[in-house]
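For reference, the structure is listed below as structure tokens.
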Amino acid sequence: MPAPADASTLAHLAIDWYDRHARDLPWRSPATTAWGVLVSEVMSQQTPVGRVAPIWLEWMERWPSPADLAAEPVAEAIRAWGRLGYPRRAMRLHACATTLVRDHEGQPPRSVPELLALPGVGAYTARAVAAFAYGQREPVVDTNVRRFVARAAAGRADAGAATTPADLAATVALLPEQPSRAARASAAFMEIGALVCTARAPVCGRCPVAARCRWRASGQALPVGPTRKVQRYAGTDRQVRGLLLAVLRDATGPVTGDQLAPVWSDDVQRDRALTSLLDDGLARQVAPGVYALAGD
DNA sequence: TAGTCGTGGGT
DNA sequence: TACCCAAGACT
């Protein structure tokens with residue numbers, strides 16, 4: 001007797017695997033609010049989820065709703081962000097909370113266009129919230145999903161440099177029709193990409209879709225060209241910004257230029273980095289030669 | 001659209 | 001060691 005048509009699809013195989021192997025990340029609790037989902041997604045942008053988990057728990061304990069965060073100075077958000085990296089995300093999350101209170105009755109909206117209009121929310125995060133918080137059938141396409149779909153469905157070694165409409169179309173084509181099940185499939189694709197179908201050393205022996213993977217069927221050809229440009233970090237303005245912001249973040253109040261000087265010996269580059277932090281709104285000048293975290 | 005934007009762990 | 005990579009967004 002033949003199995004149901006759905007039983008051998010990538011989505012079905014992925015969901016079945018996910019139900020048995022998914023990590024128990026704190027925001028996957030059924031009790032997590034839409035706000036909690038949104039916070040977890042922004043924190044996870046370009047940051048391994050293992051490092052996000054403890055910070056997310058602290059944030060949700062302290063600011064269980066957008067109104068709770070919006071009521072505090074941005075500096076508190078930047079401090080609580082700790083060393084997650086890309087601290088502008090903390091600032092955007094605070095701005096997002098303010099927008100939610102002002103325009104959306106204090107809760108994340110349900111539609112993708114409305115979500116896209118929020119600070120810090122782009123193509124990935126908007127659909128992640130729509131799917132994981134509200135159970136909608138939207139293609140949630142992050143780096144894991146793009147790689148998994150490129151390999152398993154298209155037979156390519158890797159996805160392109162940037163997310164394209166074609167990526168969304170290729171992914172939505174794999175989703176089950178039932179919305180809640182489609183959302184589960186997206187979570188499963190992401191998890192397989194993160195744990196099994198990894199960028200450098202995929203563990204095909206543990207992959208639930210190995211038997212139906214087009215990349216594997218074609219001999220797992222290695223990527224032809226360079227995938228994504230990796231940026232140098234040491235010696236860049238980014239590193240200097242990070243060092244300066246760490247001083248401001250760990251200080252209880254304003255600091256002087258003399259206190260910032262030791263973190264980087266090149267005066268020109270240090271000033272440039274500090275100016276960019278001021279321009280971004282992460283820091284502010286409270287007096288000539290005296291600086292503080294924004295909102296402090 | 002290609003560059004910018006942190007930080008830490010794995011290999 | 002040096003490089004790769006990580007639930008992207010924004011300009």
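Nothing here was measured: the structure is a model prediction, and the numbers come from that model. Naming convention: chains lettered A, B, ... in sequence-line order (proteins, then strands); numbering from 1 in each chain.
- Using a 4.0 Å heavy-atom distance criterion, A:Gly122 is classed as a sugar-phosphate-only contact.
- Across all strands, A:Arg272 comes closer than 4.0 Å to no nucleic acid atom at all (heavy-atom distances).
- Under 4.0 Å is where a charged nitrogen must lie from a carboxylate oxygen, and between A:Arg270 and A:Asp266 no such pair does.
- Note on A:Arg23: every side-chain N or O is 4.0 Å or more away from OP1 and OP2 of C:dA7.
- Clustering of Ile, Leu, Val, Met, Phe, Trp and Tyr by side-chain heavy atoms under 4.5 Å joins A:Ile15 with none of the others.
- In this structure, the side chain to side chain contact (heavy atoms under 4.5 Å, CB included) partners of A:Leu57, at least two apart in sequence or on a different chain, are A:Pro26.
- A:Val121 comes within 4.0 angstrom of sugar-phosphate atoms only, judged by non-hydrogen atoms across all strands, and of no base.
- Among the atoms of the strands shown, none is found under 4.0 Å from any heavy atom of A:Arg146.
- Whole-Å rounding puts the A:Trp81 CH2 to B:dC5 C1' distance at 13 Å.
- A:Arg127 comes within 4.0 angstrom of no nucleic acid atom, judged by non-hydrogen atoms across all strands.
- No engagement by A:Ala128 is indicated, since no non-hydrogen atom pair under 4.0 Å with the nucleic acid exists.
- As rounded to whole Å, 10 Å separates atom C1' of B:dC5 from atom CZ of A:Arg89.
- With hydrogens and angles left out, the side chain of A:Arg200 and the base of C:dC5 share no donor-acceptor pair within 3.5 Å.
- Residue pairs meeting the side chain to side chain donor-acceptor pair (under 3.5 Å) criterion with at least one partner in residues 282-296 of chain A, sequence neighbours excluded, are A:Arg79-A:Asp296.
- Between A:Arg83 and A:Thr236, the residue anchored closer to the 5' end of DNA chain B is A:Thr236, taking for each the nucleotide with the nearest heavy atom.
- When heavy atoms are screened at a 4.0 angstrom cut-off, A:Ser276 is found touching no nucleic acid atom at all.
- The side chain of A:Ser44 has C:dA7 as its nearest neighbour among C:dA6, B:dT11, C:dA7.
- Applying the salt bridge (Lys or Arg N to Asp or Glu O under 4.0 Å) rule to pairs touching residues 57-75 of chain A yields A:Arg62-A:Glu72, A:Arg62-A:Glu76, sequence neighbours excluded.
- Contacts between residues 201-210 of chain A and DNA chain C, defined by a heavy-atom separation below 4.0 Å, involve no residue at all.
- Regarding A:Met190, its CE atom lies at a distance of 11 Å from the C1' atom of C:dG8, rounded to whole Å.
- Across all strands shown, A:Leu245 has no heavy atoms under 4.0 Å from either base or sugar-phosphate atoms.
- Distance from the side chain of A:Arg238 is smallest for B:dC5 among the nucleotides C:dC5, C:dG8, B:dC5.
- Annotation: proximity of residues 47-67 of chain A to DNA chain B (heavy atom, distance under 4.0 Å) is found for A:Thr47, A:Arg51, numbered in ascending order.
- Among the atoms of the strands shown, none is found under 4.0 Å from any heavy atom of A:Leu93.
- Considering only side-chain N and O atoms, A:Arg88 lies nowhere under 4.0 angstrom from the phosphate OP1 or OP2 of C:dA9.
- For A:Arg249, counting side-chain heavy atoms from C-beta on, the closest listed nucleotide (B:dC5, B:dT7, C:dA7) is B:dT7.
- For A:Gln45, the listed nucleotide lying nearest its side chain is C:dG8; candidates were B:dC5, C:dA7, C:dG8.
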